[in-house]
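What follows is one structure encoded as structure tokens, with my remarks underneath.
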Amino acid sequence: MRAPSSTPGSFALELRDVRKSFGRTEIIRGASLQVKPGERVAIIGPNGAGKSTLFNLMSGRFDISSGEILLHGRRIDGKKPFEIARMGLARSFQVSNLFTRLSVFENIRCALLWSMGQRYAFWRFLADLKEVNERADEVLEMIRLDKRRDQMAMNLTYAEQRALEIGITIAGGSDVILLDEPTAGMSKSETKRFVQLIREVTEGKTLLTVEHDMGVVFGLADRIAVLVYGEVIAFDTPEAVRANPRVQEAYLGSVLAETQAAEAQA
Ligand SMILES: Nc1ncnc2c1ncn2[C@@H]1O[C@H](COP(=O)(O)OP(=O)(O)OP(=O)(O)O)[C@@H](O)[C@H]1O
């Protein structure tokens, strides 16, 4: 519904020396990232490294203390979350954001109407309802919830609720998508199916995801940003990140060892 507003040669999303302090504590300590249009980027790092904070800064939920954030070459730091959303950046949350007593269809429709916001006068808005309904059904098919269309969101399984969450995030047609731990709490088989779903619904879009599951990270990401104590210590292809001694030492060594131990036990 929304055309990408990229200017040639610009990055989809760019962070320039971003800093964020809470009180006296600096949590993000000069983070820089340049994400190309259509790239899939995973942000990994130890608990408390600042990954969610970084998402909150990109989506305007928190103000940055210094630096710059650009969406398709346009400054977005200092803007309100809804302004950033309407400029084409959408995010999902770790904690579910659904209207549990509305139907699956209505949840998507609300997201669509919200994304259209005040740009439509009421008469125009009514004329567009048909288009909105059609788009909502299209999104339901994409997230494979068309058969659950008229169920209340509260009656969906956990994995279906997470899929609906993704549908809400992509419904407005944003071309930069931030997903915060999309597969958290899922079984292995659910995770596998969900990663495939994420691939499909974000095809051609720019995706940033915060993820703890290294299987998901290495299966999904074109590039991985490693955040440790609020600093991006590596931003590279999965192979290069895996081989990076600094990353091994600061994070990945222990995580991979844990993952292998868990797999050996399973
Ligand atoms: N609103 C806030 N006020 C004060 N401190 C905060 C706030 N939000 C986050 N922090 C602190 O910032 C640090 C980074 O938190 P954040 O949630 O961004 O880390 P994370 O890398 O996402 O961790 P996890 O992997 O556990 O989700 C933590 O020490 C946290 O306590």
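Remember, it's 1-based here, ligands and their atoms both numbered in the order they're listed. Quick note: numbers below take in every heavy atom, side chains included, and nothing from hydrogens, waters or symmetry partners.
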Checklist entry - Do any nitrogen or oxygen atoms of Ile27 come within less than 3.5 Å of a nitrogen or oxygen of ligand 1? => result no

Item to check | Part of Thr53 with heavy atoms under 4.0 Å of ligand 1, whether side chain, backbone, both or neither | outcome: both

Checklist entry - Donor-acceptor pair, Asp77 side chain versus Ile69 backbone, under 3.5 Å? => result yes

Checklist outcome for this item: atom 20 (P) of ligand 1: of Lys51, Arg61, Glu26, Glu181, the nearest heavy atom sits on Lys51

Item to check | Nitrogen or oxygen of Phe62 less than 3.5 angstrom from that of ligand 1 | outcome: no

Checklist entry - Apart from Met152 itself, which Ile, Leu, Val, Met, Phe, Trp or Tyr residues share its cluster (side-chain heavy atoms under 4.5 Å, direct or through members)? => result Met154

Checklist entry - Is it true that Glu239 and Arg242 make a salt bridge, defined as a side-chain N closer than 4.0 Å to a carboxylate O? => result no

Next on the checklist: If the contact criterion is a heavy-atom separation under 4.0 Å, does Gly50 count as touching ligand 1?
Outcome noted: yes

Checklist entry - So is Gly230 in contact with ligand 1, going by heavy-atom distances below 4.0 Å? => result no

Item to check | Residue pairs passing the salt bridge (Lys or Arg N to Asp or Glu O under 4.0 Å) test where at least one lies in residues 215-233, sequence neighbours excluded | outcome: Arg29-Glu231, Glu39-Arg223

Next on the checklist: Please list, in number order, the atoms of ligand 1 under 4.0 Å from a heavy atom of His212.
Outcome noted: 25 (O)

Next on the checklist: Quick check with a 6.0 Å cut-off and a 45 degree axis cone: is Arg86 positioned over the face of Trp114's six-membered ring?
Outcome noted: yes

Next on the checklist: In the structure I gave you, are the side-chain heavy atoms of Leu33 and Glu14 within less than 4.5 Å of one another anywhere?
Outcome noted: no

